Amino acid sequence: MLAELSIKDFAIIDEVSVQFKEGLTVLTGETGAGKSIIIDAIQLLTGGRGSAEFVRYGTKKAEIEGLFYVDHDRHQAYHKAEIFGVDIADDGMLVLNRTISANGKSICRVNGKLVTLAILREFGQTLIDIHTQHETQSLMDVDRHIELLDLFDRNQIGQAKADYLDLYKEFDALKKRYKELSENEQEMAQRLDLLEFQYNELDQANLKPGEDDELEEQRNKLMNHEKIYKGLHDGYNALYGEQKAMDWLSLALSSLENARDYDDEIAKKAEELANHYYMVEELAHGVRNQLDGLEFSEEELDSIESRLNEINRLKKKYGQSVNDILEYAASVEEEIDQIKNKDTHVSKLEQSIHEKAEDVALEAKQLHEVRKEASIRLTNAIHEELKDLYLEKAAFGVDFSSSEGSAQDPVIDGKSVKIGPNGYDLIKFMITTNPGEPLKDIHKVASGGELSRIMLALKRIFSKHQGVTSVIFDEVDTGVSGRVAQSIAEKIHGISAASQVLCISHLPQVAAMADTHLYIRKEVENDRTTTVVEELDTPNKVEELSRMISGAEMTETTKDHATELLNLADKFKKQHA
């Protein structure tokens, strides 16, 4: 959720900090007070297009900062953080910051790390979904419709997609290799020259597995010859030299053995000491043998250094260890064989591609069928939502299509189809609001009022699947009233059960449904206009709802109506808690 938003020197806002809560937060106020400016600030914070026009007149820069909390490590934001090297604390805190200078340049940060605007947008799309009268971030984006359908039935589609992806990756790798071998003879000849040069260089080096580690160990011994000699010499001298440790151990053993016949415990200790004595004696002989065999050769050290220099030169080109280099050499040898015997390998690849295409076609078809079943359930669910919004004559549908494939692509239902990571399905959400009219692309439907309700119906279904922490509605209720307004209010509150919702509204029915009601007003101080945000208590809510119902003039009747709206909203929320 968005926990706090700080805005400084942005448009008419001097400086404001707003704390948001879970559930439904409604923002109201007079036209021009700055409600939409706050949404504009959130859009910029999450990667929207900015310009110098947003910087408050007479200041050098505008700064926007948002504190978000993501509640579990499966949230998409964690995946983005891993990709872009951003640390997220254990409490799931994520701070987005954007500064826009008076010359229009932006500086973006995520949890203090400088990022590009594109990366900021990647994070923003996982955190906020903004809906206005004229645009939406995801539901109107045809390219994301397949993603939304997959999210709607995450379990069944997810499993079918995982099974398909395993085969698709193998199939795609075979096609890429086929393309490499069968295209551009000149590039292939140049590639062969390079590979043969590399192979000859590595072959002449005559590397052995683990050779670098062995040489490093030998060099370390030779470079520390004096320390090794002193350690062995002093150790042996302590055992058999002037300090005569072995003599003392022998004396101790004799003393215990003289008394062993009179005490079982002494006998055990004598036997234990005897075992240790012979172990130490054997160790001492080993130290002496190593000391006798210790030699130092300047020529050997030079030879090792020379060999290691040669290996390090090869490491810079082919791998971080000798074993890595040998693995690379084996891959080079294999590729040389494939190029020199290209026709044979191409023929084998063609056969492998054909066989894999049959397997991947079965999984792609299964993925398609699972999606088809999910689309029926999605269609039924959205129809129910549309009925609640008094669009019972509207019809929704999911359009499935595919692109024609190449000769190597899988054949499904008698035709070659182009496949990708999502299978072969091309999906669009379609709708019509007039009986007898054909389904059309969802962004081509009629009036703004209808479109707003359609968006709400879709959002009501998808909000619990998308994973965004906050959903923002900016005057999506324009052009409706009466029972439709009440149904919109109920739908918006229903969405807040799955995601935090921030809503700018002119409808008293929506404002009455708020869990938190923020009032936005303008103040003029020192001939400058500023925006002030305040949370309303119940008496002030009644006054604001009265103003929304009647306009400038408030009466006892409008206040009674406002109180009734609040009571009805409380009753609805308790029934649906």
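Being a predicted model, the structure only gives us computed values, none of them experimental.
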| task | Apply side-chain contact (heavy atoms from CB on, under 4.5 Å) to Ile157 and Phe152, showing your working. | result | CA-CA 9 Å; Ile157 296 178; Phe152 175 72; over 6 Å; no
| said: For a side-chain contact (heavy atoms from CB on, under 4.5 Å) check, start with the C-alpha distance between Ile339 and Glu335, then their side-chain angles and the critical distance, and finish with the verdict. | reply: CA-CA 6 Å; Ile339 294 175; Glu335 190 172 352; 4.2 Å; yes
| request: With side-chain contact (heavy atoms from CB on, under 4.5 Å) as the test, would you mind laying out the steps for Thr46 and Phe123 before giving the verdict? | output: CA-CA 7 Å; Thr46 53; Phe123 278 96; over 6 Å; no
| Stepwise side chain to side chain donor-acceptor pair (under 3.5 Å) check, Gln159 with Asp163 | CA-CA 6 Å; Gln159 184 58 56; Asp163 294 341; 3.0 Å; yes
| said: For Val346 and Tyr178: C-alpha separation, side-chain torsions, deciding distance, then whether side-chain contact (heavy atoms from CB on, under 4.5 Å) applies. | reply: CA-CA 6 Å; Val346 166; Tyr178 176 86; 3.5 Å; yes
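Side-chain contact between Glu373 and Arg377 is present, with heavy atoms from C-beta onward closer than 4.5 Å. You'll find the side chain of Leu308 stays beyond 4.5 Å of the side chain of Glu211, heavy atoms only. Side chains of Val398 and Lys372 form no contact here, defined as non-hydrogen atoms less than 4.5 Å apart. Between Pro209 and Val322 there is no side-chain heavy-atom pair separated by less than 4.5 Å. A 4.5 Å side-chain heavy-atom check between Val471 and Ser499 finds at least one atom pair inside the cut-off. Taking 4.5 Å as the limit, every side-chain heavy atom of Val142 sits out of range of all side-chain heavy atoms of Leu426. In this structure, Arg371 and Ile146 have side chains that are in contact, with non-hydrogen atoms separated by less than 4.5 Å. With a 4.5 Å cut-off on side-chain heavy atoms, Phe10 and Leu44 count as touching.
Here OG of Ser416 is found 7.0 Å from CD of Glu404. Values are rounded to the nearest 0.5 Å. In this structure, the separation between CZ on Arg98 and CG on Leu45 is 8.5 Å, given to the nearest 0.5 Å. Separating the SG atom in Cys108 from the CD1 atom in Ile64 is a distance of 10.0 Å, to the nearest 0.5 Å. A distance of 7.0 Å separates CG of Asn220 from CD1 of Ile228, quoted to the nearest 0.5 Å. With values rounded to the nearest 0.5 angstrom, Arg144 atom CZ is found 6.0 Å from Leu148 atom CG. Atom-to-atom distance recorded for Asn312:CG and Asp212:CG is 8.5 Å, nearest 0.5 angstrom.
Lys113 places a side-chain N or O within 3.5 Å of a backbone atom of Gly85 that can act as its donor or acceptor partner. In this structure, Glu363 contributes its side chain and Ala160 its backbone to no donor-acceptor pair below 3.5 Å. Proximity of a side-chain donor or acceptor of Asp425 to a complementary backbone N or O of Ile427 within less than 3.5 Å is not detected. A donor-acceptor pair is defined here as one N or O able to donate and one able to accept, closer than 3.5 Å; such a pair exists between the side chain of Ser470 and the backbone of Leu2. Distance alone, capped at 3.5 Å, is enough to place a donor-acceptor pair between the Ser254 side chain and the Ser250 backbone.
Checking each of Asn97, Val86, Val95, Leu96 against Arg109 for a side-chain contact (heavy atoms from CB on, under 4.5 Å) leaves exactly one that passes, namely Asn97.
A salt bridge links Arg313 with Glu310; the closest basic N to acidic carboxylate O contact falls under 4.0 Å. The existence of a salt bridge linking Lys221 and Glu300 is excluded, since no basic side-chain nitrogen approaches an acidic carboxylate oxygen closer than 4.0 Å. Remark: Asp264 does not engage Lys268 in a salt bridge, criterion side-chain N to carboxylate O under 4.0 Å. Ion pair Lys230/Glu226 not flagged as a salt bridge, since none of the NZ, NE, NH1 or NH2 atoms sits closer than 4.0 Å to an Asp/Glu carboxylate oxygen. Under a 4.0 Å N-O distance rule, the pair Lys208/Glu214 does not qualify as a salt bridge.
Note on ring orientation: taking the six-membered ring where Trp is involved, the planes of His368 and Phe400 are perpendicular (angle over 60°, cut-offs 30° and 60°).
The shortest heavy-atom contact between Ala329 and Tyr199 is O-CD1, 4.1 Å. The two residues Gly420 and Tyr164 make their nearest non-hydrogen contact at O-OH, 2.6 Å. Residues Leu256 and Leu273 approach most closely at CD1-CD2, 3.7 Å, considering heavy atoms. Among all heavy-atom pairs drawn from Tyr424 and Ser402, the shortest one is O-CB, 3.4 Å. Shown here for Leu253 and Ala270, the closest heavy-atom pair between the two residues is CD1-O, 3.4 Å. Of all heavy-atom pairs spanning Asn111 and Met93, the tightest one is ND2-O, 3.4 Å.
Around atom NZ of Lys365, more than 12 heavy atoms belonging to other residues, nucleotides or ligands sit under 6.0 Å away. The 12-atom threshold is exceeded at CG of Asp292, counting heavy atoms of other residues, nucleotides or ligands nearer than 6.0 Å. Annotation for Glu4: atom CD counts as buried by contact number, over 12 foreign heavy atoms lying within 6.0 Å. Annotation: Lys317, atom NZ; neighbour count of heavy atoms from other residues, nucleotides and ligands within 6.0 Å is above 12. Within 6.0 Å of CD in Glu305 there are more than 12 heavy atoms belonging to other residues, nucleotides or ligands. Within a 6.0 Å radius of CG in Asp87, no more than 12 heavy atoms belonging to other residues, nucleotides or ligands are found. Around the NZ atom of Lys161, the shell of radius 6.0 Å holds more than 12 heavy atoms that belong to other residues, nucleotides or ligands. The environment of Glu147 atom CD is dense: over 12 non-hydrogen atoms of other residues, nucleotides or ligands sit within 6.0 angstrom.
Between the side chains of Asn323 and Ser321, no donor N or O sits under 3.5 Å from an acceptor N or O. Judged purely by distance below 3.5 Å, without hydrogens or angles, the side chains of Asp409 and Ser406 pair a donor atom with an acceptor atom. Counted by atom type alone, Ser306 and Asn309 present zero donor-acceptor pairs between their side chains at under 3.5 Å. Using modelled atom types and a 3.5 Å distance limit, the side chains of His354 and Glu358 yield a donor-acceptor pair.
Residues that satisfy the salt bridge (Lys or Arg N to Asp or Glu O under 4.0 Å) test with Glu216, not counting sequence neighbours, are Arg219.
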